[in-house]
Amino acid sequence: MDASLRLLRAFLVVAEEEHVGRAAQRLLISQPSLSQDVRRLERAAGVELFSRSRRGVELTPAGRIFADEVRQALDLIELGADQARRTAAAERPRVSLAYTPSLGNRLLRLLLPELERRCPDLEIEERELDTGEVGPAVVSGRFDLGLAHCPARAPGLRQVVLAEEPLVAALGSGHRLARRGEPVAIAELAGLDLLLWPRELAPDYHDHLLRICGQPSVRTGPRRALTRSYLFAEEGVFALLPAGASAQSVPGVTFLPLEDERATAPLVLLSRAEGILPEVARVQALLVEVVPGLLIARRDRW
């Protein structure tokens with residue numbers, strides 16, 4: 001199949017946004033041009049990658065498989081380029097860290113300066129991955145370390161629970177509970193649909209949230225609940241998200257703390273079980289030391 005890196009990266013942006021118009025804005029190109037690019041890629045792949053509706057686009061089952069493989073391929077290409085540059089320029093040792101989206105809203109902004117201050121001789125490279133992708137990325141060697149909520153266990157993967165991060169409820173701003181502006185109990189959300197990603201993307205995390213809610217009615221949504229924030233305007237859905245998600249401002253969505261003590265998600269540090277380089281072990285030890293304190297400070301401010 002003949003497809004440029006530009007075309008593959010554009011495809012992933014459309015997959016993330018689930019809307020060609022929003023993807024075109026991110027890529028700074030016209031919507032018709034991006035639509036043509038997507039059609040060109042589908043012809044080259046010989047399969048329909050998206051199902052289309054008035055509200056946007058959604059990956060087909062074949063498209064989801066293709067997107068997963070493209071992400072891995074692009075990461076490996078970038079990893080190879082980085083290694084080549086380091087070899088040529090005798091750069092500092094590099095430690096790569098993958099993390100899930102909600103952690104980038106606040107925790108990473110506190111964590112990265114601390115790592116750079118305490119490891120000035122290392123290059124820390126961070127990358128955001130979708131929920132469920134961090135563990136496989138570490139096992140495969142694409143990344144040295146990972147931070148994720150409720151990751152699935154896998155052979156060759158070492159897990160260390162750093163902290164239990166509180167969850168918040170995301171509701172449409174017009175909902176009566178959102179207007180009240182106070183912490184809510186899980187029981188008060190009864191009658192609403194829990195907006196969740198397809199289970200196969202992160203089954204352990206998916207099931208953890210179901211247990212917290214007592215097996216509610218589930219409405220399957222996008223990989224990232226806030227991508228389609230208009231769904232919350234219907235007032236019939238809510239989402240449970242790590243407290244770090246509340247650091248971002250989403251029009252029409254209100255984040256409320258939860259009163260239930262069990263409404264937490266374990267934040268886990270992932271590494272390969274064997275073959276850890278000294279610089280990776282050093283950063284790993286620092287993460288175990290500093291992340292719990294940063295989460296507590298972040299929660300108090302929130």
Side-chain angles (χ1 to χ4, degrees), residues 5 9 12 68-165 202 204-205 242 244 265-298:
L5 294 180
R9 291 190 177 101
L12 290 181
D68 291 340
E69 297 298 329
V70 168
R71 288 189 188 93
Q72 294 186 38
L74 291 179
D75 283 339
L76 288 174
I77 290 172
E78 292 187 20
L79 178 61
D82 288 342
Q83 291 174 339
R85 285 192 295 268
R86 289 202 309 276
T87 300
E91 295 179 354
R92 298 173 295 169
R94 181 183 66 92
V95 176
S96 56
L97 173 67
Y99 62 92
T100 49
S102 63
L103 298 176
N105 295 321
R106 192 174 291 171
L107 177 62
L108 265 291
R109 299 177 188 177
L110 301 174
L111 175 61
L112 290 176
E114 184 70 11
L115 293 179
E116 292 171 354
R117 181 181 69 82
R118 298 178 63 167
C119 301
D121 56 321
L122 299 179
E123 178 186 351
I124 308 297
E125 178 184 303
E126 77 286 354
R127 184 81 55 80
E128 180 182 299
L129 298 182
D130 280 336
T131 298
E133 294 182 352
V134 175
V138 172
V139 171
S140 69
R142 291 162 54 204
F143 293 90
D144 298 311
L145 299 168
L147 290 171
H149 294 97
C150 299
R153 297 190 177 278
L157 187 65
R158 180 171 181 259
Q159 298 193 10
V160 177
V161 177
L162 300 180
E164 289 285 339
E165 182 168 10
D204 291 63
Y205 196 4
L267 176 59
V268 181
L269 172 62
L270 304 174
S271 64
R272 288 184 292 282
E274 298 179 353
I276 299 294
L277 296 173
E279 59 266 25
V280 175
R282 182 178 162 198
V283 174
Q284 184 177 4
L286 276 175
L287 291 173
V288 172
E289 176 187 346
V290 304
V291 167
L294 293 177
L295 276 176
I296 292 173
R298 184 183 72 177

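Computed from a prediction, not measured in an experiment: that's the story for all the values here.
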Distance in Å, I124 CD1 paired with D144 CG, rounded so as to fall on 0.5 Å steps: 9.0 Å

C150 versus D204, closest heavy-atom pair with distance: O-CB, 3.5 Å

With the side chain counted from C-beta on, respond yes when E114 and R117 share a heavy-atom pair under 4.5 Å apart, and no when they do not. yes

Exercise: identify the closest heavy-atom pair between L286 and C119: CD1-SG, 3.1 Å

To the nearest 0.5 Å, what is the distance between CG on L97 and CG on L129? 9.5 Å

Hey, what do you get for CG (L79) to OG (S96), rounding to the nearest 0.5 Å? 7.0 Å

Is it the case that more than 12 heavy atoms not belonging to R158 sit under 6.0 Å from its CZ atom? no

Write down the atom of R71, the atom of R142, and the distance for their closest heavy-atom approach. O-NH2, 3.9 Å

Decide yes or no on side-chain contact (heavy atoms from CB on, under 4.5 Å) for S271 and I276, but give the supporting numbers first. CA-CA 8 Å; S271 64; I276 299 294; 4.3 Å; yes

Charged N to carboxylate O below 4.0 Å: is that the case for R282 and E279? no

Any D75 side-chain heavy atom under 4.5 Å of F143 side chain: yes

Taking all non-hydrogen atoms of both residues into account, name the closest pair between A163 and L295 and its distance. CB-CD1, 3.5 Å

About how many Å separate OH of Y99 and CG of L111, when rounded to the nearest 0.5 Å? 10.5 Å

How many angstroms lie between CD in E78 and CG in L5, if you round to the nearest 0.5 Å? 9.0 Å

Where the side chain of R272 meets the backbone of V138, is there a donor-acceptor pair that is under 3.5 Å apart? yes

Distance check, rounded to the nearest 0.5 Å: L267 atom CG versus H149 atom NE2? 4.5 Å

Quick one: does Q159's side chain have a donor or acceptor within less than 3.5 Å of a partner on A152's backbone? yes

Provide the closest heavy-atom pair for P292 versus L162 in the form atom of the first, atom of the second, distance. CG-O, 3.3 Å

Using side-chain heavy atoms (C-beta onward) and a distance below 4.5 Å, is R106 in contact with L294? no

If I compare all heavy atoms of L270 with all of A148, which pair ends up nearest, and what's the gap? CD1-CB, 4.4 Å

4.5 Å side-chain heavy-atom contact, L147 and L269: yes

